[in-house]
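Notes to accompany the following structure.
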Amino acid sequence: MIDISHLRQEVTELKTAIARKKFECDLDSIAELDRERRECIASAEKARGGQKAANDEMSKLQKGSLEFLEKVSRMKEVAAEVKELEAVAKQADDRFQEAFLSIPNIPHESVPDGNSEADNQVVSTWGEVEGDFPHAIPHYDIPWFGKMIDFPRGVKVAGAGFPFYVGEMSQLVRALINFFLEEAGTNGYQEVHSPIVVNAASATATGQLPDKEGQMYVDTNEDIYLIPTAEVPVTNFFRDEILPAEDLPLKRVAYTPCFRREAGSWGKDVRGLNRLHQFDKVELVKWVHPDHSFEELESLRIDAEGLLQKLELPYRVLLICSGDIGFPHSKQFDLEVWAAGQKRWLEVSSCSNFTDFQARRANIRFRGPDGKPQPVHTLNGSALAIPRVLAGILENHLQADGRVKIPECLRKWFPQEFIGP
RNA sequence: GGAAGGAUGGCAGAGUGGUCUAAUGCGGCGGUCUUGAAAACCGCUGAGCCGGAAACGGCUCCGGGGGUUCGAAUCCCUCUCCUUCCGCCA
């Protein structure tokens, strides 16, 4: 949800900004709905005020008196009128709110123009990208891959996209989770262990509903959703709260499984670990003062990048263009690992500043210097998504003897130097 | 799953149809007094929306939604959540 003053006072600027996102959105008629709504509310409140004043007088009259009875019959009309005007006002308000909620967040001025992912900018690259990897093969073609990550049994037990990680591979997953959590702790993020289901209110606050309903697994009996990312429960931790200004910035990290139906992407890049219905991810979330959110986005991205560097994985940083950025995002960086075997980039992290967009929906505020509550800015970033990092490790660290070298930083939780036959 | 009782301001807790613009207490903020502090005393004390340049004024909010009534924190329906007891259980 954007700041309504943009709609009232800077429609032209707002139009330009929204147009950059390639969203269809009729701001003129939404502004008109706002005017209608305010008119209706004003007349309903006026009528209601009159009714209240009359009621105060009535309370001073003798209950059964002639004057009282006269007044009752007169007030019946007023009551009906108030009811009618209030209904009209509520209708106008609902119409406006629904339309208003459909306005996407404003892209930051530093976000480049563009129509699609083809226009995303490569900000930087790190490591031996597209270098000399004589043994490189796609991770799913490594001879022992199927033994350690069992897809057929996952299909039998759950369905496609729900593999088992077996033995040393399971330990490696656990090592990655521990490594990510511990690094985040060092960087000042407090660890939380979160619910992995959320209610509709939470999913609406972060923007999954109504926009991406089809992407989530839902239990209609309980009206709860399996989370597509820890962003949803963790951001909602402070929903409907006013945070002490001195607590900002607040930083949290959570490991959770994530569930995505991936409807509509059937058959697209789904081999091996590239795209799963359930995967593990460590997520960073920040609530910050509005003045510092874009600096906080930089440090968030640097926190995520540090992990890839310690894992010795070549990667690039993409600045997502205005046409490819998400509905609630103001600015977004993606981190992509170079998968040397598949010879393609795999997205392992998305770091975003939502400015006040989620905070307004979620009603997360802090007290400004004037004592008035105002929305915080929220940010989050994967650090990192485990299966694709695993794919990166398998493809980039594969040795001539068919084993895979495990990065030094994981040694604490995974004592062996190699994994494989 | 069964039964009963609850949900009121930052917290505790009154209020069962008409100055409730919600008592009282605690906490918090400001002031008086004091060398300073404490105590005591005095004052203030939430959120949203509408109008307004502002000062300020109005409307809404007593878990959510709906209803009854001229009038609802208060009565009715419904949903959610909490507590206690019983049952089952990691």
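Letters go in sequence order (proteins before strands), and every chain restarts at 1. All of these numbers come straight from a predicted model, not from anything done at the bench. Values below: every heavy atom of this structure, side chains too, minus hydrogens, waters and symmetry copies.
- By the salt bridge (charged side-chain N to carboxylate O under 4.0 Å, His left out) test, K412(A) pairs with E182(A), sequence neighbours left out.
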Reading RNA chain B 5' to 3', what string of ( ), [ ], | and . shows its pairs, if Watson-Crick and G-U wobble pairs count only when both distances fall under 3.5 Å? ((((((((.[[[..)..(.....]]]((((((.......))))))((((((....)))))).[[[[[..)....]]]]])))))))....
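- Distance check on atom P: C11(B) versus U68(B) gives 33 Å, rounded to whole Å.
- Residue pairs that meet the salt bridge (charged side-chain N to carboxylate O under 4.0 Å, His left out) test with at least one member in residues 16-31 of chain A, sequence neighbours left out, are K15(A)-D28(A), R20(A)-D113(A).
- Of the inter-residue distances, the one linking E98(A) atom CD with I30(A) atom CD1 reads 10.5 Å to the nearest 0.5 angstrom.
- Rounded to whole Å, the C1' atom of A54(B) lies 38 Å from the corresponding atom of C70(B).
- Atom P of G6(B) sits at a distance of 14 Å from the matching atom of G63(B), rounded to the whole Å.
- A straight line from CG of D56(A) to C1' of G58(B) spans 14 Å, rounded to a whole angstrom.
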Encode nucleotides 61-77 of chain B as B, S and - characters from 5' to 3', where the letter depends on protein heavy atoms closer than 4.0 Å: B to the base, S only to sugar-phosphate, - to neither. -----S-S-BS------
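- In terms of the salt bridge (charged side-chain N to carboxylate O under 4.0 Å, His left out) criterion, E39(A) has no residue partners (sequence neighbours excluded).
- Annotation: side chain to side chain donor-acceptor pair (under 3.5 Å) contacts involving residues 194-204 of chain A, sequence neighbours excluded, comprise N199(A)-S202(A), S202(A)-R239(A).
- Residues R365(A) and E45(A) both approach RNA chain B. Their nearest nucleotides, taken by heavy-atom distance, put R365(A) toward the 5′ side.
- When the P atom is compared between G67(B) and G17(B), the two are found 23 Å apart, to the nearest whole Å.
- Separating the C1' atom of G36(B) from that of G46(B) is a span of 34 Å, rounded to the nearest Å.
- Among the protein residues, R8(A) comes within range of the sugar-phosphate backbone only, with heavy atoms under 4.0 Å from sugar or phosphate atoms but none that close to a base.
- Using C1' as the reference atom, C49(B) and A7(B) are 26 Å apart when rounded to the nearest Å.
- The residue from F238(A), F354(A), F366(A) that alone fulfils the ring-ring contact (aromatic ring centres under 6.0 Å, His included) condition with W287(A) is F238(A).
- Across every non-hydrogen atom of E295(A) and D291(A), the tightest pair is OE2-O, 3.7 Å.
- Atom-to-atom, CZ of R239(A) to C1' of A47(B) comes out at 17 Å; the value is rounded to the nearest Å.
- Distances were taken from every side-chain heavy atom of K52(A) (C-beta onward) to each of A47(B), U60(B), C50(B); the shortest belongs to U60(B).
- On the C1' atoms, A22(B) is 15 Å away from U45(B), given to the nearest whole Å.
- Separating the P atom of C75(B) from that of U19(B) is a span of 16 Å, rounded to the nearest Å.
- A cation-pi arrangement is present between R301(A) and F333(A), with the terminal nitrogen or guanidinium carbon under 6.0 Å from the aromatic centre and inside a 45° cone about the axis.
- A cation-pi arrangement is absent between R252(A) and Y189(A) under the rule of less than 6.0 angstrom and at most 45 degrees off the ring axis.
- Ring centroid separation for the pair H277(A) and F259(A) does not come in under the 6.0 Å cut-off.
- Atom CD in Q9(A) sits roughly 11 Å away from atom P in A53(B) (whole-Å rounding).
- In this structure, the CG atom of D93(A) is 16 Å from the P atom of G48(B), given to the nearest Å.
- Atom-to-atom, NZ of K372(A) to C1' of A47(B) comes out at 10 Å; the value is rounded to the nearest Å.
- Taking atom CD of E86(A) as the reference point, atom P of C59(B) lies 12 Å away to the nearest angstrom.
- Of the candidate nucleotides G46(B), C50(B), G48(B), G46(B) has the atom lying nearest to any side-chain atom of R367(A).
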